[in-house]
Number of protein chains: 2
Amino acid sequence: MNLNVREALLEAARKAAQSHGYNGLNFRDLAAAVGVKSSSVHYHFPSKADLGAAVARRYWEDTAQALEALLAESPQPQRALHEYPRIFRKSLEDQNRLCLGSFMGAESEGLPDAVKTEVQVFADINVAWLEKVLVASSSDSPATAHQRARAIFAAVAGAQLIARSRSDIALFDELLATYRVSGLLPA
Amino acid sequence: MNLNVREALLEAARKAAQSHGYNGLNFRDLAAAVGVKSSSVHYHFPSKADLGAAVARRYWEDTAQALEALLAESPQPQRALHEYPRIFRKSLEDQNRLCLGSFMGAESEGLPDAVKTEVQVFADINVAWLEKVLVASSSDSPATAHQRARAIFAAVAGAQLIARSRSDIALFDELLATYRVSGLLPA
DNA sequence: ACCTGAACACCGTTCAAGT
DNA sequence: ACCTGAACACCGTTCAAGT
């Protein structure tokens with residue numbers, strides 16, 4: 001039950017942050033969602049900065065795991081690359097939530113340093129994975145793979161941001177399709 | 001002096017919102033920046049929702065004007081299209097600020113309806129302008145221009161979001177360059 | 001017409017007190 | 001070890017009171 005509270009807080013805080021951002025997170029609603037008092041949240045996470053950093057760290061850890069699983073279960077690396085946007089699509093399917101990296105990235109100006117650091121790691125692992133897969137699928141030379149990986153990450157994040165503000169998953173799919181026909185993403 | 005206070009509030013609130021979002025806006029800091037008391041802000045804008053909506057409306061009005069000016073002063077429409085991302089670049093040059101439409105778009109879940117409406121207009125006028133210019137420069141058929149316009153808007157917004165979270169304008173330029181070589185944006 | 005101080009409920013935080 | 005209530009300073013809001 002003790003560990004469960006901490007895990008439940010991390011999970012509920014992640015969902016809240018993907019919906020309302022770090023600024024939109026608040027201890028009393030979070031505590032209520034888990035069934036404890038707000039002062040109990042401070043026992044597990046002394047400050048909001050600690051909570052935010054823990055949530056962001058867990059988020060990129062989970063993402064790193066999902067990315068490796070995606071690559072492992074794909075017969076060819078092109079297939080993993082093609083499925084990559086599905087990770088962002090799943091956030092939209094889950095109550096129209098935004099990628100935590102995008103939301104906290106937007107808020108980064110006012111974020112505690114510990115949180116900002118974790119958010120940057122999220123971006124780094126996405127770009128590193130894309131770069132690796134682009135090279136493995138030999139659709140790009142190693143020299144251009146890094147630039148291309150960053151552009152894909154930025155464009156997919158942008159598509160999710162726009163589609164989310166309209167609560168329109170079909171728009172996300174259409175944006176991705178246009179990225180493909182234009183050549184930013186491999187067909 | 002009276003009108004100046006209202007205008008000064010709108011301007012200061014826009015800057016604050018582009019840095020910290022709607023949730024990061026607060027009446028006391030805003031009032032202090034303009035030199036009045038926080039209760040005076042409520043005289044001009046009864047609620048935070050009113051203030052947010054006024055800021056967002058002014059923002060898309062200014063953007064609409066800038067877009068028309070850009071098109072008017074461009075000898076060819078391709079030229080205006082090429083210069084379009086400069087509008088987003090200018091926000092980064094101005095204290096690393098994010099497009100208000102992107103920030104409030106991310107926050108849209110918790111935004112008052114009046115604010116959300118204005119934010120959507122911002123997206124609409126951007127896409128409509130891009131679509132018009134794409135057709136005029138005959139780089140796209142009318143049938144595909146709309147899809148392409150939305151993809152460009154999403155990708156440029158995403159590039160700004162990523163570059164801003166790194167406080168790296170050069171990254172914005174590199175992302176845009178990659179969009180061009182990949183074919184999403186005309187060379 | 002425009003501005004202000006005081007008061008209210010809310011939020012992050014602390015801390016002494018519980019079990 | 002884990003949880004809680006009470007108290008603090010902060011924020012959006014209201015309102016009576018100023019000019």
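Note that the coordinates shown come from a computational prediction; the quantities given were computed from them, not determined experimentally. The sequence lines fix the lettering, A, B, ..., with proteins before strands; numbering per chain opens at 1.
Residue B:I87 holds its CD1 atom at 4.5 Å from CG of B:L67, rounded to the nearest 0.5 Å.
Taking atom CZ of B:F45 as the reference point, atom P of D:dT14 lies 16 Å away to the nearest angstrom. Put simply, NZ on B:K48 is 8 Å from C1' on D:dG12, counting in whole angstrom units. Across the protein-nucleic acid pair, A:R28 atom CZ and C:dG12 atom P stand 7 Å apart, rounded to whole Å. Regarding B:L30, its CG atom lies at a distance of 16 Å from the C1' atom of D:dC10, rounded to whole Å. The CZ-C1' distance, from A:F27 to C:dC11, rounds to 10 Å in whole Å. Rounded to whole Å, atom C1' of C:dC15 lies 12 Å from atom NE2 of A:H42. For the pair B:K37 NZ and D:dG12 C1', the computed distance is 17 Å after rounding to whole Å. As a whole-Å value, the separation of A:L25 CG from C:dC11 C1' is 12 Å.
For the residue pair B:P142 and B:V135, the shortest heavy atom distance occurs at CA-CG2, 4.0 Å.
Listed pair A:H44 / D:dC3 meets the phosphate criterion, a side-chain N or O lying under 4.0 Å from OP1 or OP2. Applying the 4.0 Å criterion to OP1 and OP2 of D:dT4, one finds that A:S40 has a side-chain N or O inside that range. Considering only side-chain N and O atoms, B:S39 lies nowhere under 4.0 angstrom from the phosphate OP1 or OP2 of C:dT4.
Between the side chain of B:D29 and the backbone N or O of B:L25, no donor-acceptor pair lies under 3.5 Å.
Closest-nucleotide positions on DNA chain C for A:P46 and A:D29 were compared, and the one nearer the 5' end corresponds to A:D29.
No engagement by B:L51 is indicated, since no non-hydrogen atom pair under 4.0 Å with the nucleic acid exists. Residue contacts for A:Y43: at a heavy-atom cut-off of 4.0 Å it reaches a base atom on one of the strands shown.
Across every strand in view, D:dG5 sits in a pair with C:dC15 that passes the Watson-Crick or G-U test at under 3.5 angstrom. When both pairing distances are held under 3.5 Å, D:dC10 makes no Watson-Crick or G-U pair with any nucleotide shown.
When only modelled atom types and interatomic distance are considered, B:S91 and B:R97 share no side-chain donor-acceptor pair under 3.5 Å.
Looking at A:E93 and A:K90, no side-chain N of the basic residue comes within less than 4.0 Å of a carboxylate O on the acidic one, giving no salt bridge.
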